[in-house]
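Here the structure comes first, spelled out in structure tokens, and everything after it is commentary.
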Amino acid sequence: MSTNTNNLQAIKYKRGELLILDQLLLPHQASYYTIETSQEGHNAIKTMKVRGAPAIAIVACLSLAVELSLVSHKFQTKESVLQFIHKSLEYLKTSRPTAVNLFEATDRLWEIVKQKGETSEDPKEITLAYLEAAESMLDADIQDNMNIGNFGAKWLLDYYKKDKLRILTHCNTGSLATAGYGTALGIIRSLHKQGVLEHAYCTETRPYNQGSRLTAYELSYENMPATLICDSMVTALLSKGLVDGIVVGADRVARNGDTANKIGTHQLAILANHFKIPFIVAAPTTSIDLKTLSGQDIPIEERSSQEVISVSGLLPGTSDLVTVTVGHPSINVWNPAFDVTPASFISAIVTERGAFVKESSKEVYDLSEVLKL
């Protein structure tokens, strides 16, 4: 089962086979990477061959699905398969600590499998329950993203009541970060499909350049009117009145609406507030973590200094990936992968269930109400 509404597929899956588009090679080379075990899935996520909160969760769960398909004959008892699944899911959680979708998906799958184990002694039936639940995530994610795109586009059009809109986005939140279509980039895609996108701007998103490598790739792939800018150029762009709104994704949204997203997001929210344009977070409800009361409680992943002082790319005319040092190799480096945007700066949070705004006179959201819908 491999489903996508878009020709650009980051994840290709059928039972027993999982291929991911190696995002370390983009935009120079579109090469698919085979994953057959949860260990290989963990490595692909950790090394950012695959990234984006929804895609991380899907690839993690499907990597175990493939492994189960290949080794299911080895399980002779209910206890053995349950132990294997639980251990593998707990291991997969350690690949990226900030993206809550990973934890939500693995916990949900474990509950499904555990419940099946309460009614069946057959390890094959338990394995099948896992496979079917994990596989359903692909189709569900695509539909959720399409809903996010449509709700977000409608909110922006209702807000401005303009024929054309100019939107800026950060990092990568499109087909490459999800099962397909995208969250924040899904909103831009929906505006484009409706003929109301005048222009999209994407930041390069240092230090890993997801914007210049991946978002620019997607925008160009679909022939959207778009311009790439350096992260440090946003203030100059907004000061010229060339942007109507900023739309970003989320790796985790706290109960009060505080949002962890790619490093640099918080400063964009401050700029949007200063220039009085809406700042929108686009995320599936699986990114909402009601157990985390505020952004202060969100764990922030810190990554290697090499991502800051080095850049990677392909040698011209070859498929050889090389790394070049551009910063002083002995300088101390601080490299948090995410920052937290306070809810007070967020104009709307768009999920597959609709676009939500704060209650009048309040600085924060109560997202427990969103999950009840």
Side-chain angles (χ1 to χ4, degrees), residues 1-4 6 8-26 30-96 99 101-117 120 122-144 175-180 286:
M1 178 178 63
S2 179
T3 308
N4 204 311
N6 196 317
L8 185 60
Q9 286 184 262
I11 302 169
K12 294 183 178 182
Y13 174 83
K14 63 181 180 181
R15 187 164 293 180
E17 181 179 274
L18 174 62
L19 301 174
I20 64 165
L21 188 61
D22 188 344
Q23 297 186 29
L24 295 178
L25 301 179
L26 291 174
S31 178
Y32 284 89
Y33 178 83
T34 301
I35 292 178
E36 294 184 338
T37 67
S38 53
Q39 288 78 16
E40 291 176 353
H42 186 286
N43 180 67
I45 295 167
K46 187 73 174 177
T47 60
M48 295 183 72
K49 287 184 175 69
V50 63
R51 21 72 50 211
I56 286 169
I58 292 168
V59 167
C61 296
L62 289 181
S63 69
L64 178 54
V66 172
E67 185 171 10
L68 282 170
S69 297
L70 297 175
V71 303
S72 60
H73 62 282
K74 296 181 179 180
F75 301 113
Q76 302 300 316
T77 65
K78 173 180 76 173
E79 289 73 20
S80 64
V81 70
L82 285 174
Q83 183 181 27
F84 179 81
I85 291 173
H86 185 258
K87 182 179 179 180
S88 299
L89 290 174
E90 290 301 305
Y91 169 69
L92 285 163
K93 286 181 181 179
T94 66
S95 57
R96 296 292 299 273
N101 306 60
L102 172 61
F103 296 87
E104 189 277 338
T106 51
D107 288 345
R108 176 157 43 97
L109 287 175
W110 173 242
E111 285 302 315
I112 291 171
V113 169
K114 190 168 62 171
Q115 289 175 16
K116 188 65 177 179
S120 175
D122 188 346
K124 291 183 179 178
E125 290 185 359
I126 295 170
T127 298
L128 182 61
Y130 179 92
L131 294 177
E132 291 178 343
E135 290 167 355
S136 70
M137 293 171 60
L138 269 174
D139 293 331
D141 188 66
I142 293 172
Q143 187 58 57
D144 286 348
S175 296
L176 297 173
T178 63
T286 52

Please collect all ring-ring contact (aromatic ring centres under 6.0 Å, His included) contacts where either partner lies in residues 55-83, sequence neighbours excluded, each pair once.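 Passing the test, one end in residues 55-83: Phe75-Phe84.
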
Specify the closest pair of heavy atoms between Ala44 and Tyr33, including all atoms of both residues, with the distance to one decimal.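 Taking Ala44 first and Tyr33 second, the nearest heavy atoms are CB-CE2, 4.3 Å.
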
Grab the two heavy atoms, one from Leu24 and one from Lys49, that are nearest each other, plus how far apart they are.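 Closest pair (atom of Leu24, atom of Lys49, distance): CD1-CG, 3.8 Å.
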
Thinking salt bridges, do Glu111 and Arg108 make one under a 4.0 Å N-O criterion?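 Salt bridge absent between Glu111 and Arg108.
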
Does Glu90 come within less than 4.0 Å of Lys87, counting only side-chain N to carboxylate O?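 Here Glu90 does not pair with Lys87 in a salt bridge, since their nearest N and O are not under 4.0 Å apart.
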
Distance-only donor-acceptor hits, side chain of residues 54-64, under 3.5 Å, sequence neighbours excluded:
| from | atom 1 | to | atom 2 | distance (Å) |
| --- | --- | --- | --- | --- |
| Ser63 | OG | Val59 | O | 3.3 |
| Ser63 | OG | Ala60 | O | 2.7 |

Walk me through whether Ile85 and Leu68 qualify under side chain to side chain contact (heavy atoms under 4.5 Å, CB included). CA-CA 8 Å; Ile85 291 173; Leu68 282 170; 4.0 Å; yes

Could you check whether any side-chain heavy atom of [X] comes within less than 4.5 Å of a side-chain heavy atom of [Y], counting everything from C-beta outward?
{"X": "Ile35", "Y": "Val50", "result": "no"}
{"X": "Val66", "Y": "Glu40", "result": "no"}
{"X": "Leu89", "Y": "Tyr130", "result": "yes"}
{"X": "Leu131", "Y": "Glu135", "result": "yes"}

Just verifying a value: how many Å separate [X] [atom1] and [Y] [atom2], rounded to the nearest 0.5 Å?
{"X": "Leu70", "Y": "Glu17", "atom1": "CG", "atom2": "CD", "value": "10.0 Å"}
{"X": "Thr106", "Y": "His86", "atom1": "OG1", "atom2": "NE2", "value": "9.5 Å"}
{"X": "Ile142", "Y": "Thr178", "atom1": "CD1", "atom2": "OG1", "value": "7.5 Å"}
{"X": "Ile11", "Y": "Asp141", "atom1": "CD1", "atom2": "CG", "value": "7.5 Å"}

Give a yes or no answer on whether the side chain of Ser120 reaches the backbone of Lys116 with a donor-acceptor pair at less than 3.5 Å.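 No: the side chain of Ser120 does not pair with the backbone of Lys116.
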
What pairs meet the salt bridge (charged side-chain N to carboxylate O under 4.0 Å, His left out) rule with one or both residues in residues 65-83, with sequence neighbours excluded?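 Found Lys78-Glu121.
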
